[in-house]
Amino acid sequence: MLELGLDVSDSEKKQNAPVLSVVAPVHNEANNIEPLIQRLREAISKETDRFEIIFVDDGSRDGSMALLEKFSKLDNRVKVISLSRNFGHQVAITAGMEFATGEAVVVIDADLQDPPELISDMVRKWKEGYEVVYAVRALRGGENFLKKMTAAVFYRLLEKLTEFEIPVDTGDFRLMDRRVVEAFLSMPERGRYIRGMISWVGFRQTGVSYNRAPRSQGGTNFTIRKMVRFALEGITSFSYVPLQLASLFGFICGIISFLMLIYVYLSNVFHNQVVRGWTSLMAMIIFIGGVQLLMIGVLGEYLGRLVTEQKKRPLYIVRRKTNL
Ligand code: UDP
Ligand code: MG
């Protein structure tokens with residue numbers, strides 16, 4: 001009897017298991033939550049009834065958490081993980097993906113910059129057999145020139161620095177098959193640059209393009225400092241080129257100094273001219289000193305990350321879960 005009972009509930013569970021999980025990181029998005037849930041529900045119900053929306057509250061200080069709890073009481077497909085403090089966008093997404101049980105997982109920003117309606121296109125591609133469908137930003141609305149410029153330069157630079165392809169102009173808005181999610185979750189690194197990690201795992205990947213809307217409420221959570229840190233994370237996680245620059249600079253300096261030696265020697269022999277040019281000497285010393293300091297800085301970036309990795313702290317800490 002008991003066994004039979006277990007059996008039934010197990011298969012029942014399977015039948016109700018979500019096909020689609022949506023993961024949305026939330027940091028102070030109180031004004032966006034209600035419209036987001038509405039639009040998500042509408043967009044996803046076109047595809048399936050078996051879905052879950054997992055909100056990861058990343059240490060919000062506005063009313064976001066209370067709102068999320070309220071909506072999770074009304075619909076048990078709305079699930080909430082509340083982190084013990086602000087762990088950052090990338091970690092919040094990882095937390096959500098760990099709890100997601102769907103056959104496909106969609107990661108979406110909570111500020112409505114990523115249109116939920118695009119999920120239908122993603123699902124279509126997924127059903128065609130693609131395991132990763134990422135959203136490509138064709139137009140970026142409401143973002144200032146500086147952000148667009150730095151983003152364009154950075155993504156192209158990163159592409160040059162890495163040995164595998166990280167698609168340009170994509171964010172974390174994407175659909176991933178269960179197999180990809182498992183592969184992603186098997187990567188233990190602390191320094192998480194998700195779009196790079198998902199490219200790294202391989203599988204069949206494709207993009208669907210959309211026009212990025214301006215933020216609907218509030219301002220961006222990313223300051224210049226956060227953006228620089230994020231960019232450094234992307235580069236140091238996926239490329240050793242900056243470290244190799246040391247050899248390159250050394251090589252160039254070597255050649256220059258060799259040429260200068262020849263010049264000094266020849267001018268000594270033919271013009272009997274010795275030791276002039278204190279200025280050029282100083283310039284060289286300062287230049288080489290600068291290059292050395294820069295390269296020590298680069299070493300520091302990698303070394304610091306090594307320390308963080310080897311501490312093996314948990315990625316995040318959960319304070320509370322609802323409907324999970
Ligand atoms: N976010 C987060 N933790 C943070 C910063 C942002 O969970 O420390 C969430 C935020 O609520 C939003 C998404 O990550 O849903 C993207 O953040 P934002 O819109 O500030 O980034 P931008 O669109 O400016 O790149
Ligand atoms: Mg945004």
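FYI, the numbering just counts along the sequence from 1. Atoms within each ligand, like the ligands themselves, are counted from 1 in listed order.
- Every N/O-N/O distance between Ala92 and ligand 1 stays at or above 3.5 Å.
- Looking only at atom types and distance, the side chain of Tyr155 has a donor-acceptor partner in the side chain of Arg195 under 3.5 Å away.
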Salt bridge (Lys or Arg N to Asp or Glu O under 4.0 Å) evaluation trace for Glu233 with Arg305: CA-CA 9 Å; Glu233 200 62 71; Arg305 285 183 168 76; 3.1 Å; yes

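- Close contacts between ligand 1 and Lys226 involve ligand atoms 8 (O) [criterion: under 4.0 Å to a heavy atom].
- Within a 6.0 Å radius of NZ in Lys321, no more than 12 heavy atoms belonging to other residues, nucleotides or ligands are found.
- Distances below 4.0 Å separate heavy atoms of Val26 from the following atoms of ligand 1: 7 (O), 11 (O).
- When the heavy atoms of Gln113, His27, Met227 are ranked by distance to atom 23 (O) of ligand 1, first place goes to Gln113.
- Through side-chain heavy atoms spaced under 4.5 Å, either directly or across other Ile, Leu, Val, Met, Phe, Trp or Tyr residues, Phe251 is tied to Ile255, Leu259.
- Of the candidates Asp57, Asn86, Asn32, the one placing a heavy atom closest to atom 8 (O) of ligand 1 is Asn86.
- Cation-pi geometry between Arg77 and Phe51 is met: the NZ or CZ atom falls under 6.0 Å from the ring centre, inside 45° of the normal.
- Interface atoms of ligand 1 facing Glu29, defined by a heavy-atom separation under 4.0 Å, are 10 (C), 11 (O), 12 (C), 15 (O).
- When ring centroids are compared, Tyr193 and Phe230 come within the 6.0 Å threshold.
- Against a heavy-atom cut-off of under 4.0 Å, Asp111 is close to the following atoms of ligand 1: 15 (O), 19 (O), 23 (O).
- The Mg ion (ligand 2) lies closest to atom OD2 when only the N/O/S atoms of Asp111 are considered.
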